[in-house]
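Scroll down for the structure; my scribbles are underneath it.
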2 protein chains.
Amino acid sequence: MAERRYGQYCGVTRAVELVGERWALLIVRDLLVGPRRYTDLKRGLPRIPTNILSSRLKELQEGGVVRRVPLLSCGLVYELTPYGRALEPILLALGRWGFQTMGEPQEGDVVTSDSLTMALRTAFRPERAVDADYELHVGDVALRVVVRSGDLRVSRASPEAGPEADAVIVADTGVRRLIGGDVTPAEALARDLLTVVRGDERFLGAFAATFHIDPVTATDTPQGSPGHGSPGPCDPAT
Amino acid sequence: MAERRYGQYCGVTRAVELVGERWALLIVRDLLVGPRRYTDLKRGLPRIPTNILSSRLKELQEGGVVRRVPLLSCGLVYELTPYGRALEPILLALGRWGFQTMGEPQEGDVVTSDSLTMALRTAFRPERAVDADYELHVGDVALRVVVRSGDLRVSRASPEAGPEADAVIVADTGVRRLIGGDVTPAEALARDLLTVVRGDERFLGAFAATFHIDPVTATDTPQGSPGHGSPGPCDPAT
DNA sequence: CCGGATCCGAATCGATACTG
DNA sequence: CAGTATCGATTCGGATCCGG
């Protein structure tokens, strides 16, 4: 099980050797939410084969990204090492980047608690954040989302204790267009992309201000430096 | 050739579906330096099978990451779309992350012009940059590295025109320890990790100030939020 | 239930050869 | 220069099984 190498002495190469294998970054994504048991990971990644999960965890441990922590008489959990946690800004940026071309969900796609939590983190704008307390339902995931003084805290919504949040938003995948700015809160309500089942509908404005991802933001360097130009002095056609 | 899906409706998932396949991010890395021909990419990725390069380029085009641009009577090049270029900060961060655990080169590892260029970009500190003009040799790659008023420009060193740069640094892979801060410029010279074949050796101090990657920088959130805690109220052992 | 290990067919990857 | 074709080696996916 020697790790598959690319044969280059380079930081990017080393990085993709550590976390570039199939499923690895999704495991890291879930572990960024918190330590997880083997079974939690399996539930959060419904289509991962168990032998692959097992291999990845082993490789991530060898790479110093993940640590295996036994709990006193309670089984064990996997958690990120400090080195693994340093991937957080990278995964948030990757999530923002991928968000922009997500389109509509494909048949069979699921939304998991951890992926939705990370999605909210990627979209969170501390500088525009409006204090509020939401309960957000997407698919069959229900999260409690508390925004307070520029800080975001996401946890699972407790099923029994009902009337706690300021607003309960039910938004099966339509929340993407709100966060992406494709629709205004009013439009989203009018087109029934989501509903506010309890609390003032105006909390939707606060939500849209707090969670937002704008389209692209490419660095507009004029595409590469000259001097590397193997292409030479030819103009692009069209 | 249907893209291999993970079955999750999530930004990170979408991102790894677009650029997570083997070799894809290394292709993007090279294209971040500038538009490249098929053959350039092949030379820059010596161990990529040509059919894989072909497949990846096709997939990256379908994903809107790469564009195929015919040159007037001069063949064609691949270049990043604006969406693809938006990966630049992510690849730079990944490069910094991987850099920290690169260790010594393995047998057969190569350093390519594009990978070294990107490595310099990942390590570049505009705020500490000292204006200078280097010629940097690593392996059989020779780059011209010009730092001027907080700006970095890297190009291939022209083999014939010799005496141009302020200093010529020859540093087969030892430059990693200098950039990583493992050694001071003086130590690097004393231990013969690199040599300054022309120009004042003090340019090495400028170089080390300008190009630097420090160890880790993990966000020190106390490891995940409570409320997600399936692990429950058990203390970690040890 | 938890934490995997094992087995096997299907898909992908790697290496080389070949072509317009 | 810019790929396609072929084929064996690996890896992945899906299912089952097993010890605590």
Side-chain angles (χ1 to χ4, degrees), chain A residues 1-8 16-17 19-27 30-31 35-61 66-79 108 110 229-232 234 237, chain B residues 1-8 13 16-17 19-27 30-31 35-61 66-79 108 229-232 234 237:
Chain A
M1 196 168 299
E3 55 180 313
R4 214 117 143 271
R5 300 195 22 90
Y6 290 90
Q8 303 206 350
V16 303
E17 282 170 0
V19 295
E21 300 287 299
R22 205 165 156 69
W23 292 105
L25 277 181
L26 298 188
I27 294 171
D30 284 7
L31 291 179
R36 291 288 179 265
R37 297 165 180 274
Y38 187 91
T39 319
D40 300 329
L41 291 169
K42 216 170 87 149
R43 259 187 305 124
L45 274 2
R47 313 231 303 218
I48 196 175
T50 101
N51 55 342
I52 298 296
L53 176 55
S54 184
S55 304
R56 290 297 168 269
L57 286 171
K58 217 166 293 173
E59 294 157 14
L60 289 171
Q61 283 173 78
V66 160
R67 189 162 39 198
R68 197 175 192 265
V69 180
L71 300 180
L72 294 171
S73 72
C74 298
L76 57 88
V77 293
Y78 294 89
E79 69 177 22
V110 298
S230 327
C234 294
Chain B
M1 196 170 298
E3 54 180 309
R4 212 115 144 273
R5 301 196 23 94
Y6 290 91
Q8 302 207 351
T13 304
V16 302
E17 282 171 359
V19 295
E21 300 288 300
R22 203 164 157 70
W23 293 104
L25 276 181
L26 298 188
I27 294 171
D30 285 8
L31 291 180
R36 289 289 178 264
R37 296 166 180 273
Y38 188 89
T39 318
D40 300 328
L41 292 169
K42 212 168 93 149
R43 258 187 306 124
L45 274 3
R47 312 232 305 216
I48 195 175
T50 95
N51 55 345
I52 297 296
L53 176 55
S54 184
S55 304
R56 289 300 169 267
L57 286 171
K58 218 166 293 175
E59 294 157 15
L60 290 170
Q61 285 172 75
V66 161
R67 189 162 40 196
R68 199 175 191 264
V69 180
L71 301 180
L72 293 171
S73 70
C74 299
L76 57 89
V77 293
Y78 294 90
E79 69 177 22
S230 328
C234 293

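Order of the sequence lines sets the chain letters (A, B, ...), proteins ahead of strands, with each chain counted from 1. Note: hydrogens, waters and symmetry copies are ignored here, and every other heavy atom, side chains too, is used. Being a predicted model, the structure only gives us computed values, none of them experimental.
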### Task
Could you tell me whether A:Tyr6 contacts a base, only the sugar-phosphate backbone, or nothing, with contacts defined as non-hydrogen atoms closer than 4.0 Å?
nothing
### Message
Any base atoms under 4.0 Å from B:Leu53, or only sugar-phosphate, or nothing? Heavy atoms, all strands.
### Response
nothing
Starting at [atom1] of [X] and ending at [atom2] of [N], how long is that distance when rounded to a whole Å?
X: B:Lys42; N: D:dG3; atom1: NZ; atom2: P; value: 11 Å
X: B:Arg43; N: D:dG3; atom1: CZ; atom2: C1'; value: 16 Å
X: A:Lys58; N: D:dC12; atom1: NZ; atom2: P; value: 13 Å

### Task
Mind grabbing the angle between the end helix axes of the helix from C:dC1-D:dG20 to C:dG20-D:dC1? Five pairs an end, 10° rounding.
30°
### Task
Using side-chain hydrogen bond (donor to acceptor under 3.5 Å, both in side chains) as the criterion, list what pairs up with A:Glu21, not counting sequence neighbours.
none
Which listed nucleotide ([options]) is nearest to the side chain of [X]?
X: B:Thr39; options: C:dC13, C:dG3, D:dA2; value: D:dA2
X: A:Arg22; options: C:dA5, D:dC12, C:dG3; value: D:dC12
X: A:Arg4; options: C:dG14, D:dA2, C:dG4; value: C:dG14

### Query
Under the ring-ring contact (aromatic ring centres under 6.0 Å, His included) test, which residues partner B:Tyr78, sequence neighbours left out?
none
### Set of residues satisfying ring-ring contact (aromatic ring centres under 6.0 Å, His included) with respect to B:Tyr38, sequence neighbours excluded
none
### Message
What I'd like to find out is whether the side chain of A:Pro35 reaches to under 4.5 Å of the side chain of A:Val69, using heavy atoms alone.
### Response
no
Under 4.0 angstrom between [X] side-chain N/O and [N] OP1 or OP2:
X: B:Trp23; N: C:dC13; value: no
X: A:Tyr78; N: C:dC2; value: no
X: B:Arg37; N: D:dA2; value: yes
X: A:Arg56; N: D:dC12; value: yes

### Message
Any side-chain to backbone donor/acceptor pair from A:Arg56 onto A:Arg22? Under 3.5 Å, distance only.
### Response
yes
Enumerate all atom pairs, one protein N or O and one N or O from nucleotides 16-18 of chain C, separated by less than 3.5 Å.
none

